[in-house]
Amino acid sequence: MVSMTLSIFNATKTLAPRNNLPAWAAGTNPWPQKVILAVSCVSLALCIVVFWNYFRGGHRKAEKVAVYYTLFAVAFFVFSVVMWGLSAGILQGVKSNSGNKDFWGWSCVDNKRRELFSEDVDYALVCRMQDWALVCCIIQIVLESKTIILYGVVFYRYYSKQRLRKSMDVRDRARSDFYLAQLRSQSEPSACPPNPSAAAENAA
């Protein structure tokens, strides 16, 4: 959707004014849309790398890539949530504070200009796609936030199991040492006490 809106803007930004009304506001720069598109491309690229390794090298090779991806995943998801949040905030903030002079706000205004350029620019379509772009940003934030929580739960369980395993190893080692000590004490010959009658005869 974002790439389509940028394509429409690039194809129509040089249209000549009609009745002294331009197709787009002077100095319109759709950089919020470009940020969203860049974040989307990065997310898609990482997913393609994993799927491509499943296709080329099979499950075993892909699992090796998935390990590195998993290690990088938490940091990436945190970074991605921040970027999606900033992108959504910038997109909404620019629209709210620009007086409808930005790319999104300009396309949503229903006025004489929309009628003059109706054959060349579908402003209503551009407006709806921008609305859905913001909705998709929010959905992405929610999904990746849930993913981060899921990774947190998994890591906590893994850490708990590791601690339990270490404590059980220590317990088993101590139990084994105790049993060995008992076996040694039982196998050693005990010293015989002196005979009192023999000692008395020697004294006499």
Side-chain angles (χ1 to χ4, degrees), residues 1-15 22-57 59 61-109 114 120-156 158:
M1 291 185 296
V2 176
S3 60
M4 187 178 295
T5 57
L6 291 175
S7 299
I8 293 173
F9 173 75
N10 291 326
T12 59
K13 65 182 180 180
T14 57
L15 291 175
W24 300 100
T28 300
N29 184 9
W31 64 272
Q33 288 78 11
K34 294 178 181 178
V35 171
I36 293 175
L37 184 61
V39 173
S40 302
C41 291
V42 171
S43 300
L44 179 62
L46 290 175
C47 294
I48 290 175
V49 168
V50 176
F51 284 121
W52 179 253
N53 279 274
Y54 271 107
F55 178 75
R56 287 291 301 274
H59 179 75
K61 184 177 179 181
E63 283 297 324
K64 296 180 180 179
V65 177
V67 170
Y68 296 104
Y69 176 79
T70 302
L71 296 175
F72 179 70
V74 175
F76 170 75
F77 281 129
V78 173
F79 172 76
S80 183
V81 168
V82 173
M83 289 301 298
W84 282 114
L86 289 176
S87 300
I90 290 171
L91 190 66
Q92 183 63 46
V94 170
K95 180 185 178 183
S96 301
N97 300 323
S98 65
N100 292 328
K101 299 295 183 181
D102 65 300
F103 180 46
W104 184 12
W106 187 270
S107 62
C108 295
V109 176
R114 175 174 289 192
D120 299 314
V121 185
D122 192 347
Y123 291 105
L125 176 62
V126 175
C127 180
R128 287 196 301 271
M129 287 192 294
Q130 297 297 307
D131 294 338
W132 277 106
L134 180 62
V135 172
C136 291
C137 288
I138 296 173
I139 293 174
Q140 196 73 22
I141 292 171
V142 173
L143 291 177
E144 295 191 0
S145 298
K146 290 183 178 181
T147 304
I148 293 173
I149 295 173
L150 181 61
Y151 270 106
V153 172
V154 172
F155 286 155
Y156 175 76
Y158 175 77

Tell me every residue that passes side chain to side chain contact (heavy atoms under 4.5 Å, CB included) with [X], counting only those two or more places apart in sequence or in another chain.
{"X": "M129", "value": "M1, M4, T5, I8, L125"}
{"X": "A124", "value": "R114, D122, R128"}
{"X": "V42", "value": "F76"}
{"X": "A23", "value": "L15, F117, Y123"}

Contacts table for residues 25-34: side-chain donor-acceptor under 3.5 angstrom, sequence neighbours left out:
residue: T28; atom: OG1; partner: A25; partner atom: N; Å: 3.4
residue: T28; atom: OG1; partner: A25; partner atom: O; Å: 2.5
residue: Q33; atom: NE2; partner: Q130; partner atom: OE1; Å: 2.8

Quick one: side chains of residues 138-145, donor-acceptor pairs under 3.5 Å with protein atoms, not counting sequence neighbours, listed by atom name and distance.
residue: Q140; atom: NE2; partner: E144; partner atom: OE2; Å: 2.9
residue: E144; atom: OE1; partner: S80; partner atom: OG; Å: 2.6
residue: E144; atom: OE2; partner: S80; partner atom: OG; Å: 3.1
residue: S145; atom: OG; partner: I141; partner atom: O; Å: 2.7

Could I get the full list of salt bridge (charged side-chain N to carboxylate O under 4.0 Å, His left out) partners for D120, not counting sequence neighbours?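 D120 satisfies salt bridge (charged side-chain N to carboxylate O under 4.0 Å, His left out) with R18 only.
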I'd like to check S3 versus L37 (side-chain heavy atoms, cut-off strictly below 4.5 Å). Are they in contact?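 Yes - at least one pair of side-chain heavy atoms lies under 4.5 Å apart.
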Enter the distance from D102:CG to S107:OG here, rounded to the nearest 0.5 Å.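 Here the interatomic distance stands at 8.0 Å.
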To the nearest 0.5 Å, what is the distance between CD1 on I36 and CG on L6?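 That separation rounds to 9.5 Å.
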Among residues at least two apart in sequence or on other chains, which ones pass ring-ring contact (aromatic ring centres under 6.0 Å, His included) with F9?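 Expected list: W24, F103.
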Which residues pass the side-chain hydrogen bond (donor to acceptor under 3.5 Å, both in side chains) test with D131, sequence neighbours left out?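 W104.
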What are the two closest heavy atoms between S98 and V94, and how far apart are they?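 Shortest heavy-atom contact: OG-O, 2.8 Å.
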